[in-house]
2 protein chains.
Amino acid sequence: MADKIKVMIVDDHDMVRKGLKAYLATEDTIELVGEASSGHQAVRRFEALHPEVILMDLIMEEGSGIEATKQILARDPAKKIIILTSFYDDEQVFPAIEAGAMSYLLKTASSEEIIQAIYKAHAGKTVIDGKVAQKLITGLHKTTQPADQLTTREREVLKLIAEGRSNAEIAKLLFIGIKTVKTHVSSILSKLDVADRTQAAVYAYQNHLFSKE
Amino acid sequence: MADKIKVMIVDDHDMVRKGLKAYLATEDTIELVGEASSGHQAVRRFEALHPEVILMDLIMEEGSGIEATKQILARDPAKKIIILTSFYDDEQVFPAIEAGAMSYLLKTASSEEIIQAIYKAHAGKTVIDGKVAQKLITGLHKTTQPADQLTTREREVLKLIAEGRSNAEIAKLLFIGIKTVKTHVSSILSKLDVADRTQAAVYAYQNHLFSKE
DNA sequence: TTTTTTCTCCGACTTGAGATGGAGCATGGT
DNA sequence: ACCATGCTCCATCTCAAGTCGGAGAAAAAA
C-alpha cells in the first residue's frame with residue numbers, strides 16, 4: 001500500500017510522453033516504469049514492465065489504443081487503463097469503454113486531473129471527462145435514431161444508395177428484382193422521413209452511417 | 001547573434017506545453033519567453049512577450065492556429081511561426097501556409113527535429129515534415145479536381161443538391177427558374193462526370209466540399 | 001399453432017430529373 | 001470592336017424514380 005503506483009505511458013507523440021513524465025515526476029508515490037510509442041509496442045512491452053496503471057492514447061500509427069487495450073486486458077484483466085485522447089468528438093468513446101478502459105480523459109486535462117485519475121484508477125474507480133460524458137449521453141440518444149429501424153436488407157440498400165447507385169445497379173448487385181429494390185427504397189425513405197434517394201444519401205453521410213466500415 | 005532565440009509556445013494541451021518546455025530546456029541558446037493555451041490568448045500576449053519564433057498548434061478550442069497566425073503576422077510580419085499539428089490528414093496544410101506559417105511539423109517530431117526547426121525558422125528557413133510535404137503534392141493534384149471547374153453559381157447549386165434539395169426548391173431559394181436550375185444541374189453532372197444528383201451529392205461529401213463552411 | 005416481420009415480387013400510375021438544342025444578355029479580356 | 005464565358009430562360013422528350021395497393025413465402029416471435 002505504501003508502495004509506489006507503477007505507471008506506463010503509451011503515446012506516439014514524444015512531446016506528450018515528456019509532458020506526462022513531468023507530471024508524474026512531481027508525485028513521489030507514482031513511478032514511471034516504462035513507455036511505448038505505439039499500440040503494438042505497448043502490447044509487447046507491458047508484461048515485462050508490469051505496470052499497474054496504463055495511460056493510453058487512442059490515435060496512434062501502429063496499433064490503435066483500443067486494440068492495445070483489448071489485448072492487454074485479455075492477458076491481464078487487472079490492469080487499469082486510462083484513455084487519454086485529443087478530441088471529444090471521437091466516436092471511439094463507446095468502443096474504448098467496451099474494450100474495458102477504466103477512465104477516459106482529454107489531453108486538455110491538467111496535471112492534477114491526471115494524477116487524480118491515476119490514483120482513482122488504481123483504487124478501481126472510474127473517471128470520465130465532462131465533455132466525454134455528454135457525448136456518452138447524446139450517444140445513447142443516438143441509439144434511437146431512425147436508421148436503427150431499418151432492416152438488414154434496407155441497410156444494405158441504403159449503403160448502395162449512399163454510393164450513388166441506381167435502382168437497376170442495386171438490383172444486380174443484390175441479385176433481386178428492380179421492383180423489390182423500389183419497395184426497399186420506399187420503406188427506407190418513409191422510415192428516415194426523407195423525400196428521395198438523394199436525401200437518403202445525405203442522411204447517411206451526415207449521420208456517418210457507413211464511414212467506419 | 002549570440003543572444004538567445006526567444007520562443008513562445010501556443011497549445012491548448014498543458015502536457016504538450018510541458019513536453020516542449022522540456023525540449024527547449026536542453027538548449028541554452030533558446031529561451032522560452034511565454035506560453036498561451038489558445039489562439040486568442042496567443043494574439044493577446046505575443047506583443048508583450050515579443051518572441052522571435054512561435055510554436056503554434058492548429059486545433060484549439062478558442063481561436064484556431066490559423067486565425068492566430070494571420071492576426072499575429074498582420075501585426076508583425078517578422079515573426080517566424082512554426083505549425084505543430086497532430087495529424088497529417090489535416091486539410092489545413094494549405095490554409096496554414098497561406099496564412100504565412102514558416103514551417104509545418106507533426107507532433108510525432110523528435111526533440112531534435114523541433115530544435116532544428118526553431119533554429120532554421122529563426123534563420124528564415126522553412127522546414128516541412130515529409131508526410132505533410134506529400135499531402136502538399138497530392139493537394140496540388142487536387143487543385144485540378146473537377147469541382148474547381150464549377151462556376152460560382154454551379155457551386156451554389158451543388159451545395160443545395162448536397163443538402164437534398166429538389167430542383168424546385170433550389171429555384172425558389174436562388175430566385176431563378178426551374179429550367180435554369182436544370183441547366184446548372186446538367187453542367188454540374190457533366191463536369192463532375194457523374195450520372196445523377198445523388199452521385200453529385202455523394203461526390204460533394206466524399207470530397208468534403210462544404211464541410212468547413 | 002398462430003401471428004408478425006421480413007424479404008421478395010407484380011402492375012399501373014404520376015412526376016421529377018436529365019438530355020438536347022437552342023436563345024438573349026451582361027461582363028471581362030484581347 | 002470582338003470574342004469567350006457565365007447566367008439566365010425556353011420547349012420537348014425520355015426514362016428512372018417513387019407511390020399505391022396488393023400478394024406469396026419463410027422465419028422469427030408470441
Side-chain angles (χ1 to χ4, degrees), chain A residues 142-207 209-210 213, chain B residues 140-207 209-210 213:
Chain A
K142 219 173 59 181
T143 312
T144 330
Q145 86 179 346
D148 294 317
Q149 295 178 354
L150 296 182
T151 66
T152 310
R153 202 52 159 173
E154 287 163 355
R155 223 181 305 270
E156 288 173 17
V157 173
L158 177 57
K159 184 171 183 176
L160 293 171
I161 289 175
E163 290 175 9
R165 307 284 190 174
S166 68
N167 288 340
E169 283 178 310
I170 295 174
K172 281 184 184 172
L173 286 168
L174 298 183
F175 305 105
I176 57 180
I178 299 184
K179 308 291 177 62
T180 309
V181 176
K182 285 193 175 192
T183 306
H184 289 315
V185 172
S186 286
S187 56
I188 290 169
L189 298 185
S190 76
K191 282 183 182 177
L192 298 187
D193 194 31
V194 295
D196 52 48
R197 72 208 289 84
T198 305
Q199 286 185 11
V202 169
Y203 178 95
Y205 278 97
Q206 290 184 345
N207 292 85
L209 292 193
F210 307 113
E213 296 177 27
Chain B
L140 287 175
H141 284 301
K142 219 173 60 181
T143 311
T144 329
Q145 85 177 348
D148 293 317
Q149 295 177 355
L150 297 183
T151 66
T152 310
R153 203 52 160 173
E154 286 164 356
R155 223 181 305 271
E156 288 173 16
V157 173
L158 178 56
K159 184 171 183 175
L160 292 171
I161 289 176
E163 289 175 9
R165 306 285 189 172
S166 68
N167 288 340
E169 283 178 310
I170 296 173
K172 282 185 184 172
L173 287 167
L174 298 183
F175 305 104
I176 58 180
I178 298 184
K179 309 290 176 62
T180 310
V181 175
K182 284 193 174 192
T183 306
H184 290 314
V185 172
S186 286
S187 57
I188 289 170
L189 298 185
S190 75
K191 283 183 182 178
L192 298 187
D193 193 31
V194 295
D196 53 48
R197 57 170 55 250
T198 305
Q199 287 185 10
V202 169
Y203 178 95
Y205 279 96
Q206 290 183 346
N207 292 84
L209 292 192
F210 307 112
E213 297 177 25

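- Looking at A:Glu156 and A:Lys159, no side-chain N of the basic residue comes within less than 4.0 Å of a carboxylate O on the acidic one, giving no salt bridge.
- For B:Thr180, the side-chain atoms get nearest to D:dC9 when compared with the rest of D:dC9, C:dG18, C:dC7.
- Rounded to whole angstrom, the span from the CD1 atom of A:Ile170 across to the C1' atom of C:dC7 amounts to 16 Å.
- Going from atom NZ of B:Lys191 over to atom P of C:dG18 covers 17 Å, rounded to whole Å.
- Here the side chain of A:Lys182 is nearest to one of D:dA17, C:dG18, D:dC9, namely D:dA17.
- Of the candidates D:dG18, C:dC9, C:dG18, D:dG18 carries the atom nearest the A:Asp196 side chain, counting heavy atoms from C-beta on.
- The side chain of A:Leu189 lies closest to D:dT19 when the candidates are D:dT8, D:dT19, C:dT8.
- Distance from the side chain of B:Arg153 is smallest for D:dC7 among the nucleotides C:dA17, C:dT20, D:dC7.
- For the pair B:Glu169 and B:Lys172, the salt-bridge criterion is not met [side-chain N within less than 4.0 Å of a carboxylate O].
- Remark: P of C:dG16 and CZ of B:Arg165 are 17 Å apart, rounded to the nearest angstrom.
- In this structure, CD1 of A:Ile161 is placed 16 Å from P of D:dA16, rounded to the nearest angstrom.
- Closest to the side chain of B:Lys179, out of D:dG18, C:dC7, D:dA11, is D:dA11.
- In this structure, B:Asp193 CG and B:Gln199 CD are separated by 9.0 Å, a value rounded to the nearest 0.5 Å.
- Here the P atom of nucleotide D:dC7 and the CD atom of B:Glu156 are 8 Å apart, to the nearest Å.
- Regarding A:Ile188, its CD1 atom lies at a distance of 13 Å from the C1' atom of D:dG18, rounded to whole Å.
- Remark: the backbone N or O of A:Ala171 is not paired with any side-chain donor or acceptor of A:Arg165 at under 3.5 angstrom.
- Remark: P of C:dG18 and CZ of A:Arg197 are 11 Å apart, rounded to the nearest angstrom.
- Taking every side-chain heavy atom of A:Thr151 into account, C:dT6 is the closest of D:dC7, C:dT6, C:dA17.
- Between B:Phe175 and A:Ile178, the one whose closest nucleotide on DNA chain D sits nearer the 5' end is B:Phe175.
- At a threshold of 4.0 angstrom between heavy atoms, the contacts of A:Ser166 are confined to the sugar-phosphate backbone, with no base atom among them.
- Distance CD1 (A:Ile176) to C1' (C:dC10): 14 Å, rounded to an integer number of Å.
- Considering only side-chain atoms of B:Thr183, the nucleotide from D:dT8, D:dC7, D:dA17 that sits closest is D:dT8.
- Contact annotation: B:His184 reaches the phosphate of D:dT8 (side-chain N/O to OP1 or OP2, under 4.0 Å).
- Checked options A:Thr151, A:Val194, A:Val157; the residue passing with A:Ile188 is A:Val157 (criterion: side-chain contact (heavy atoms from CB on, under 4.5 Å)).
- Contact annotation: A:Asn167 does not reach the phosphate of D:dA16 (side-chain N/O to OP1 or OP2, under 4.0 Å).
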